[in-house]
Each structure stands twice: as C-alpha cells, then as structure tokens.
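Reading through the structure tokens given below for one structure.
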Amino acid sequence: MKIALLSDIHGNSVALDAVLEDIKSQGEVDAYWILGDLVAIGPDPVGVLQRLSILPNARFIRGNTDRYVVTGDRPPPTRADVESDSSLMSQYVEVKETFAWTQGALAVTGWLKWLQDLPLEITESLPDGTKFLGVHASPGEDNGLGFSPDDTDGEMRKLLHGCEADLICVGHTHRPMTRKIDAWQVVNLGSVSMSPTEDKRASYVLLNASSEDHEIRHRLVYYNIDAVFEMLEELSHPGRQHIINFLTSKNNI
C-alpha cells in the first residue's frame, strides 16, 4: 500500500503539477491523502481543486486557511492590532483582499460548498496495525502552533496529549520533519508551496505500508517559481507582492 501525502498547496497549481509528476515517477500510488490549506494565498485556487478532485482514491481535510475562506474568519493582524500599531495597516488590507479574492474565485466556480464540507482529520488503520491520524496542525486542531523541527519533546508532548494514534501526519508550519516522541511518530509533510526556508522546493511524503511495517519517505521537488510570478502579475493578484517576497527570500522566515 503506497500513499502520497500532501499539504499546504496554497493555490499554487504550478508547484502541485510538479509534485504530481514526481509522484508518478516514483511508481503507482494507491491513494492520495491531502492535509489542508489547499487554495488560499496563491494565484490558481480553482485549478488546484480541479486537479485534486480527479485524483484516484483521494481523501481531503481542511486547513485553517480553507476555513478562513469559507467562514470569513481571517488570520492576524486584526483590526484591533492595526488600531494599536498603524504600521500593520498594509498587511491587514492585503490579507483581507487576498482572502476575498480567493473566496470570490471559488464562489463563481461553485467550489465553496466542496471546501466547506471538508472534515478536520483522516483516521485509518494501516496494514501493520498502526493507527494513523492525518490532521492539518495538531490532533484536534487545524490551527495553532503545530509541529516544527526545532520544537522540544516537551512542546510536542503537550500537543500530543491524549492522542490515541501512533503515526500523526501534519502540515501547517511548512517545515518537513520526522520525529519519534514516546510512542508517537510525528511527520510534518512540509509544504507544496510557500516554503519558509531558503530551500523553496515543494515538499511531500510517500507512505509505504505493508502488513509487517511502514516507511516514510520525504520528497523535495523543483518547480518553476517564475511561472507563479507571471500568473500573479497577469491576474493583478492582491497578494502578489507578499508571495513574491516570500518565494524569493534567502533567509529563514
């Protein structure tokens, strides 16, 4: 049983296409499990959902930005933040306009209901009996601190408290990792788009599971970032400057 696990595509169909091609190059997979943050921020939310919806044996959950798109909630800064610090005004406006743009693109093409119906998590028993949990940020949460490679064991234990799964796969922080914490194995898939590190390649995971064992393999994939910039400019995307700055940054963010 081979499963491709993806997260944090963020409306970037160029990066998604590169990842899907790389998956094909690794041999046939039995299923695709997609762990949220599918559409918001990037230039092609509709194209992303069109590609994902035709994948064979695909399962999906929501991320925090998917929830923002369908509910009208927004990430910080808030209006109160801006009132106490006027330097945040441009960021506040860009966030509101970017999410409104994504929401509008999905509304006119009929995808909002599909996004609204996404569940919080995927649970499954692997062939070797391992209890699998796929969730965007941490058990029971699509938002919050999530899991990063520089977290201490103690910080991770707090997020895992009460979790009955053995293998927990997440995204959210965009930082790939595999960690063993007590009886738990925590895997962050990284992100298909918007890597916060100097390495801007798309990241995903292949899970090979048999009746005897399971194996996690992280994959990093180059994609044409300039093509993303061209799409942003052609669309006059309201968040284009933030995305361009993020994807050209040479420093960890």
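If you're wondering where the values come from, they're calculated on a predicted model, not measured in any experiment.
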How far does [atom1] of [X] sit from [atom2] of [Y], to the nearest 0.5 angstrom?
{"X": "Leu232", "Y": "His237", "atom1": "CG", "atom2": "NE2", "value": "6.0 Å"}
{"X": "Lys180", "Y": "Asp153", "atom1": "NZ", "atom2": "CG", "value": "12.0 Å"}
{"X": "Leu145", "Y": "Ser138", "atom1": "CG", "atom2": "OG", "value": "8.0 Å"}
{"X": "Ile41", "Y": "His242", "atom1": "CD1", "atom2": "NE2", "value": "5.5 Å"}

Residue pairs, two or more places apart or on separate chains, that pass ring pair (Phe, Tyr, Trp, His ring centres under 6.0 Å) and touch [range]:
{"range": "residues 172-196", "result": "His10-His174, His136-His172"}
{"range": "residues 35-80", "result": "Phe60-Trp114, Tyr68-Phe99"}
{"range": "residues 31-57", "result": "Trp33-Phe132"}

Taking side chain as C-beta onward, heavy atoms only, is [X] less than 4.5 Å from [Y]?
{"X": "Phe229", "Y": "Leu247", "answer": "yes"}
{"X": "Leu207", "Y": "Lys2", "answer": "no"}
{"X": "Ile34", "Y": "Ile9", "answer": "yes"}

What residues, two or more places apart in sequence or in another chain, satisfy side chain to side chain donor-acceptor pair (under 3.5 Å) together with [X]?
{"X": "Asp44", "value": "Ser13"}
{"X": "Thr102", "value": "none"}
{"X": "Gln185", "value": "His214"}
{"X": "Lys113", "value": "Asp117"}

Apply salt bridge (Lys or Arg N to Asp or Glu O under 4.0 Å) to Arg157 and list each qualifying residue two or more places apart in sequence or on a separate chain.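 Once residues adjacent in sequence are excluded, the partners of Arg157 under the salt bridge (Lys or Arg N to Asp or Glu O under 4.0 Å) criterion are Asp182.
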Q) Does any pair with a residue in residues 78-93 pass side chain to side chain donor-acceptor pair (under 3.5 Å), and if so which ones, sequence neighbours excluded? A)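 Listed once each, the pairs are Thr78-Asp81, Asp85-Ser87.
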>> Considering only residues two or more places apart or on different chains, which pairs with a residue in residues 202-211 satisfy side chain to side chain donor-acceptor pair (under 3.5 Å)?
In response: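 For residues 202-211: Asp22-Tyr204.
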Quiz prompt | Sequence-distant partners of Val14, side chain to side chain contact (heavy atoms under 4.5 Å, CB included), two or more places apart | solution =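 Side chain to side chain contact (heavy atoms under 4.5 Å, CB included) list for Val14, sorted by chain: Asn12, Tyr223, Asn224, Ala227, Val228, Met231.
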Connected to Tyr222, directly or through other members, by ILVMFWY side-chain contacts below 4.5 Å are none
Between Ser193 and Asp8, do the side chains contain a donor N or O and an acceptor N or O under 3.5 Å apart?
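Asp8 vs Ser193: no donor-acceptor pair found between side chains.
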Item to complete: Ignoring hydrogens and angles, state whether a donor on the side chain of Thr197 or Asp199 is under 3.5 Å from an acceptor on the partner side chain.
Response: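 No, no side-chain donor-acceptor pair sits under 3.5 Å.
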hydrophobic_cluster_shared for Val29 and Val205, side chain cutoff 4.5 Å: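 Not linked; separate clusters.
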message = Between Val48 and Trp101, is there shared hydrophobic-cluster membership here, with clusters defined by ILVMFWY side-chain heavy atoms closer than 4.5 Å?
response = no
CA sep, side-chain torsions, deciding dist, call: Asp166, Lys131, salt bridge (Lys or Arg N to Asp or Glu O under 4.0 Å): CA-CA 5 Å; Asp166 308 304; Lys131 295 178 182 177; 6.0 Å; no
